[in-house]
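Written below as C-alpha cells is the structure these notes are about.
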There are 2 protein chains.
Amino acid sequence: MNQAKQTSAGLGTGRPIGLIDSGVGGLTVLHECLISLPGEDFLYLGDSGHFPYGTKSREELRQRTADVTRYMLDRGVSLLVVACNSATAAAADSITELAAGEGVDTVTVIGPEAEIAASISDSGRIGVLATPATVSSGAYRKALEGLGRPLEVTEVEAPDLASIIQRGQPFDDEVLDTVRGYCRPLREARVDTLILGCTHYPLVAPMLQRLLGRDVRLVSAGHAIAAVVQRTLAGSGNLAPGDREGGYHFLVTGEVDSFVELGTRFLQLPLVGRVERVDVP
Amino acid sequence: MNQAKQTSAGLGTGRPIGLIDSGVGGLTVLHECLISLPGEDFLYLGDSGHFPYGTKSREELRQRTADVTRYMLDRGVSLLVVACNSATAAAADSITELAAGEGVDTVTVIGPEAEIAASISDSGRIGVLATPATVSSGAYRKALEGLGRPLEVTEVEAPDLASIIQRGQPFDDEVLDTVRGYCRPLREARVDTLILGCTHYPLVAPMLQRLLGRDVRLVSAGHAIAAVVQRTLAGSGNLAPGDREGGYHFLVTGEVDSFVELGTRFLQLPLVGRVERVDVP
C-alpha cells in the first residue's frame with residue numbers, strides 16, 4: 001500500500017514504464033525515452049547500492065535482478081526495461097519469465113541496437129564498442145549475426161571507458177588519447193555504423209563522432225529502446241495522448257546525493273527533487 | 001613574432017580558422033565545427049574579460065569587435081567565424097569589411113541557421129527562440145523573409161534562458177517550467193522547425209525536444225556554421241585531408257579557470273591545458 005502510494009509521486013494515475021539499472025548508466029536510455037515518449041510516465045530504479053553489476057557472478061546477478069524485478073512488479077510497472085548490459089547478458093531470460101508471470105512485457109538492451117545498426121548500415125561494416133565482459137559474452141555478435149544479413153562485425157574492447165566516464169568531466173587529453181586508441185581499429189575496418197555497447201558511452205559521443213567522422217552513425221541502446229518501447233505501446237494501443245506531459249521518478253538503493261550529482265550528466269534533464277531512497281532486500 | 005609562435009600551440013603549421021565570441025556560448029559553434037571538420041585547426045577567442053556583449057551599445061560593440069578582429073587577423077586566422085549573436089547584430093558589416101581588407105572571409109551567425117531552417121521545414125512554420133535583444137533586432141525575421149519562400153515565423157523571447165544556462169546545472173523543475181513557458185506559443189503555432197537563436201541554447205536541446213516533440217527539428221548556429229565553413233573550405237580547395245586530426249586552442253581575455261569550468265559543458269570535448277590568457281587592448 002505504502003509502496004503503491006510512493007510510486008505515484010511525480011507520476012500520473014496510470015502504471016509507469018519501469019527501467020532498471022545498476023546505477024546511472026541506464027539514465028542515457030531513460031533520456032531517449034523521455035524525449036521520444038514525452039506523454040508516458042517512467043519509474044527508474046538505480047540499484048546503486050549494489051553497483052557495479054559487471055563484477056558479479058552470473059548466479060549473483062540472476063538472484064539480484066530477480067529481487068529488483070519483483071520489486072518493480074510490486075510497484076505496478078506496465079512494462080519493464082532492462083537498461084543494463086550486465087543484467088541483460090546474465091539474466092534476460094529469467095527477468096523476462098518473471099515479468100511475464102505477472103503479464104508484463106520486458107525490453108532489454110543489445111537486441112534493439114543490433115537490429116537498428118543492421119538496418120541503417122549501408123556497407124554492412126558494423127563496429128561494436130563495449131566492455132571486455134560484454135565483448136567476450138558474444139552477445140552483440142550473436143544478435144547481429146542472427147539478423148539474416150551478411151555483416152562484417154568489428155568488436156573493440158574498452159576496458160577503461162565506463163569508469164573514466166563515471167569519474168566525470170572535464171575530459172582531458174588523456175581521455176581523448178584513450179578514446180583515440182579505441183577508434184583506430186574501427187577506422188581501419190571502415191565501419192559506417194557503431195553500436196555504443198554500454199549505456200555510459202553516449203557521454204563521449206561527440207569525441208567518438210569527431211574521431212570517426214560525422215558520416216559514421218552512432219547507435220545507442222537509448223535510441224533503440226525508445227523505438228521498441230514506442231512500438232510496443234502503439235501495438236497494444238497504450239500510447240499516451242499527444243498533448244499529455246508525463247512524469248518521471250527515481251528510486252535508488254544507494255546514496256541520493258551522489259546519484260543526483262552523477263546522474264545529471266547522464267540524464268540531461270532535471271533530476272533534483274525526484275529521487276527517493278528505497279530498500280530492495 | 002611572439003604572437004605567431006603562440007598561435008601554433010596545439011595547432012598544425014597551417015593557418016587556423018578563427019572563432020570569436022564574448023565568452024563560452026560560441027563553444028557550441030566550435031563543438032559542431034570540431035565534429036564536422038576534424039582535420040582543421042581552430043583558434044577560439046573568448047572575450048570573457050568584456051562579457052557580456054548583450055548590454056553594450058552598438059558603438060561600443062563595433063569598437064570592441066574591431067579590436068578583437070584585428071587581434072585575430074594578427075594571429076593569422078584563415079577564416080573568421082563570428083560565433084556571437086550580439087556581435088553579429090551590431091557589427092557584422094564592419095567585421096566583414098575589416099577581415100576582407102586582409103583577404104580573410106567572415107562567417108557570421110543568423111544567416112546560416114535561417115537558411116537551413118527554411119530548407120528543412122516541411123510546413124514553412126518556423127519558430128525562433130532568442131534573447132529579447134535579438135528578437136527586437138529583427139535579424140532572424142529579416143533573414144528568413146529574405147529567402148524567397150513563404151514562411152510563417154513565430155518568434156519567442158527568452159529573457160532568462162541564457163543566464164540560467166550560464167549559471168549551470170543541475171537544471172531543476174524551475175528551469176523546466178521556464179522552458180515549458182517558452183515552448184507554449186511554439187506548440188500553439190505548430191512549428192516544425194525551431195531555430196535556437198542563441199549559442200547557449202543547445203545545452204537545453206533535450207528539454208526543448210521533449211517539450212516540443214521529437215518531430216520538431218532543432219537548428220543551432222553550430223550546425224549551420226559548420227556546414228558553411230565546410231562549403232567555404234571545399235570551395236577554395238582548402239579542406240584538410242581526411243586522415244588528418246586537427247588541433248584546437250583557446251585564447252581568453254578573462255579568467256582561465258572559470259572559462260574551463262564553464263566551457264566544458266558547452267564544448268563537450270577536452271578544454272583542459274589548451275586555454276591561454278591574453279590581452280586584447
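Interface check for chain A: of the options B:Gly213, B:Ser36, B:Gly242, the most heavy-atom pairs under 4.5 Å are formed by B:Ser36. In terms of non-hydrogen atom pairs under 4.5 Å with chain B, the most contact-rich of A:Met207, A:Glu245, A:Arg187, A:Glu32 is A:Glu245.
One distance of note links CD1 of B:Ile35 with CG of A:Leu212; it measures 11.0 Å at 0.5 Å rounding. The line from CG of A:Leu269 to CG of B:Asp172 is 12.5 Å long, rounded to the nearest 0.5 Å. The CD atom of B:Gln268 sits 12.0 Å away from the CD atom of A:Gln209 when rounded to the nearest 0.5 Å.
For B:Glu174, no part lies under 4.5 angstrom from a heavy atom of chain A. The contact between A:Leu34 and chain B is made by backbone and side chain atoms together, counting heavy-atom distances below 4.5 Å. With a 4.5 angstrom heavy-atom cutoff, B:Leu37 touches chain A only via backbone atoms.
Looking at every heavy atom in both residues, A:Pro206 comes nearest to B:His31 through CB-CE1, 3.4 Å.
Crowding of B:Arg214 atom CZ: a count of heavy atoms from other residues, nucleotides or ligands under 6.0 Å exceeding 12. The environment of CZ in B:Arg277 is crowded: more than 12 heavy-atom neighbours from other residues, nucleotides or ligands sit within 6.0 Å. No more than 12 heavy-atom neighbours from other residues, nucleotides or ligands sit within 6.0 angstrom of CD on A:Glu261.
Screening B:Val175, B:Asp173, B:Val179 against A:Pro270 for a side chain to side chain contact (heavy atoms under 4.5 Å, CB included) leaves a single residue, B:Asp173.
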